[in-house]
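Please read the structure below before turning to the comments.
In what follows, chains carry the letters A, B, and so on, assigned in the order in which the sequence lines appear, proteins first and then strands, with residues in each chain numbered from 1. Note that the structure is a prediction, hence the values are computed from the model and not measured.
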Amino acid sequence: MTILPRTFYTKDTVTVAKNLLGKKIVRKIGRKEISGIIVETEAYRHKDDPASHAFRNITERNKVMFGEVGKAYVYFTYGMHYCFNIVARNSRFEAGAVLIRAITPEKGIEIMEKNRGMKDSKRLTDGPAKLTQALGITKKHYGLDLTINSELFIAEGIKISSKIISSPRIGIKNATDRLWNFKIGTR
DNA sequence: CCCTAGATTTACT
DNA sequence: GTAAATCTAGGGC
């Protein structure tokens, strides 16, 4: 298994969001391994992106978006949900991250069902807060380096044969004219 | 299938 | 004080 190097994330945030489609997210809990293929992402940038958490300024919550690329940005929202992002940008930007919106489960499906507390295996990980729950990702993974072999990292996945679909990002009010939601046909 | 409402904490205005 | 990069259950069609 090849872990994606830091240079993978030193490109434009939107480009990295597209490139992450088909890659593999790996989560190790003790001796068990959970993994899935990334099938939907969204790009969030900086001053040019009113929908981004980093749009206004650096804060305690978003500071990792301004730090080294290839790290995890986990935030808590709507009073009960975690969302998982990967910091990525080129040198023209001070901040940026890619939100992982959906994956297709590969290994450890039983563990995901247990973590989610239900057996709706078709819709186990088809939303940003669903996959963090299925993989057991919480605020303690904030700032974790995803380019080294630890309990959570990103590796090479599959080759994409189908076309990439671009759409407006989900659940935001600003900048909906930007088609920075990317997915591959798996649902 | 589609739509609506409720849950419940954080962080910024 | 209130909006938030969401999800689920429940009711109607």
Side-chain angles (χ1 to χ4, degrees), chain A residues 9 12-21 23 25 36 38-67 69-89 93-105 109 111-144 146 152 154 164-187:
Chain A
Y9 304 103
D12 179 74
T13 311
V14 175
T15 305
V16 176
K18 287 186 210 167
N19 289 349
L20 275 170
L21 293 173
K23 298 295 185 282
I25 178 167
I38 298 171
V39 294
E40 185 176 352
T41 62
E42 276 175 14
Y44 287 91
R45 288 205 308 211
H46 187 207
K47 299 271 191 216
D48 66 327
D49 184 6
S52 172
H53 285 166
F55 176 62
R56 287 188 176 280
N57 231 330
I58 185 166
T59 66
E60 194 56 32
R61 175 173 66 163
N62 66 26
K63 64 181 179 188
V64 74
M65 288 180 76
F66 294 79
V69 300
K71 294 197 168 178
Y73 171 38
V74 181
Y75 67 87
F76 190 69
T77 192
Y78 287 110
M80 58 182 78
H81 297 301
Y82 291 103
C83 292
F84 173 66
N85 302 247
I86 306 172
V87 179
R89 65 174 178 281
F93 291 92
E94 287 177 49
V98 176
L99 170 69
I100 308 302
R101 280 198 67 84
I103 64 175
T104 52
I109 294 179
I111 304 173
M112 296 195 216
E113 287 177 345
K114 196 177 156 200
N115 286 344
R116 299 259 300 117
M118 60 175 66
K119 291 177 189 165
D120 193 352
S121 59
K122 247 323 193 198
R123 318 221 134 170
L124 212 50
T125 54
D126 65 346
K130 292 186 182 181
L131 71 91
T132 56
Q133 192 182 10
L135 298 188
I137 295 174
T138 69
K139 207 161 187 177
K140 81 174 185 186
H141 299 104
Y142 185 93
L144 190 76
L146 300 169
L152 180 66
I154 312 294
I164 295 177
I165 304 167
S166 302
S167 316
R169 288 170 291 177
I170 311 291
I172 58 167
K173 290 172 183 170
N174 293 320
T176 47
D177 57 321
R178 267 167 231 190
L179 305 183
W180 286 355
N181 170 291
F182 306 104
K183 53 181 178 265
I184 49 181
T186 328
R187 57 171 178 168

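- In this structure, A:Tyr44 and A:Met65 approach most closely via the heavy-atom pair O-CE, 4.2 Å.
- Judged by distance alone, the side chain of A:Arg61 and the main-chain N or O of A:Tyr75 form no donor-acceptor pair under 3.5 Å.
- Residue A:Arg178 comes nearest to A:Asp49 through the heavy atom pair NH1-CA, 3.6 Å, listed as atom of the first residue, atom of the second, then distance.
- Take A:Ile164 and apply the side chain to side chain contact (heavy atoms under 4.5 Å, CB included) test, not counting sequence neighbours, and it matches A:Lys18, A:Leu21, A:Phe182, A:Ile184.
- The side-chain heavy atoms of A:Glu40 and A:Ser167, taken from C-beta on, include no pair separated by under 4.5 Å.
- Taken residue by residue, residues 45-52 of chain A places heavy atoms nearer than 4.0 Å to DNA chain C at A:Ala51.
- A:Arg116 comes within contact range of the sugar-phosphate backbone alone, with a heavy-atom separation under 4.0 Å but no base atom that close.
- Nearer the 5' end of DNA chain C, as judged by each residue's closest nucleotide, is the contact made by A:Lys173, out of A:Pro128 and A:Lys173.
- Judged by distance alone, the side chain of A:Arg89 and the main-chain N or O of A:Phe66 form a donor-acceptor pair under 3.5 Å.
- Side-chain atoms of A:Glu42 come within 3.5 Å of backbone atoms of A:Ile170 as a donor-acceptor pair (strictly under, hydrogens ignored).
- Note that the first and last nucleotides of DNA chain C, 5' to 3', having any atom under 4.0 angstrom from a heavy atom of chain A are C:dA4 to C:dT8.
- Taking the P atom of each, B:dA5 and C:dA3 are spaced 16 Å apart, rounded to whole Å.
- In this structure, the side chain of A:Thr125 engages the main chain of A:Ile103 through a donor-acceptor pair within 3.5 Å.
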Completion exercise
5' to 3', nucleotides 7-13 of chain B under a 4.0 Å protein heavy-atom cut-off (B base, S sugar-phosphate only, - none) gives BBBSSSS

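- Here the closest non-hydrogen pair linking A:Val74 and A:Tyr142 is O-CD1, 3.3 Å.
- Taking a pair as Watson-Crick or G-U with both hydrogen-bonding distances under 3.5 Å, the stems of three or more pairs touching DNA chain B are B:1-7 with C:6-12, B:9-12 with C:1-4.
- Side chain of A:Asn85 to main chain of A:Ala97: no donor-acceptor pair is present (N/O by atom type, distance under 3.5 Å, no hydrogens or angles).
- Residues A:Ala54 and A:Lys130 both approach DNA chain C. Their nearest nucleotides, taken by heavy-atom distance, put A:Ala54 toward the 5′ side.
- For residues 130-143 of chain A, every residue pair satisfying the salt bridge (charged side-chain N to carboxylate O under 4.0 Å, His left out) rule, not counting sequence neighbours, is listed here: A:Asp126-A:Lys130.
- A donor-acceptor distance shorter than 3.5 angstrom exists from the side chain of A:Thr132 to the backbone of A:Tyr82, with no hydrogens or angles considered.
- The only option from A:Leu135, A:Leu99, A:Leu152 that meets the side chain to side chain contact (heavy atoms under 4.5 Å, CB included) definition with A:Phe84 turns out to be A:Leu152.
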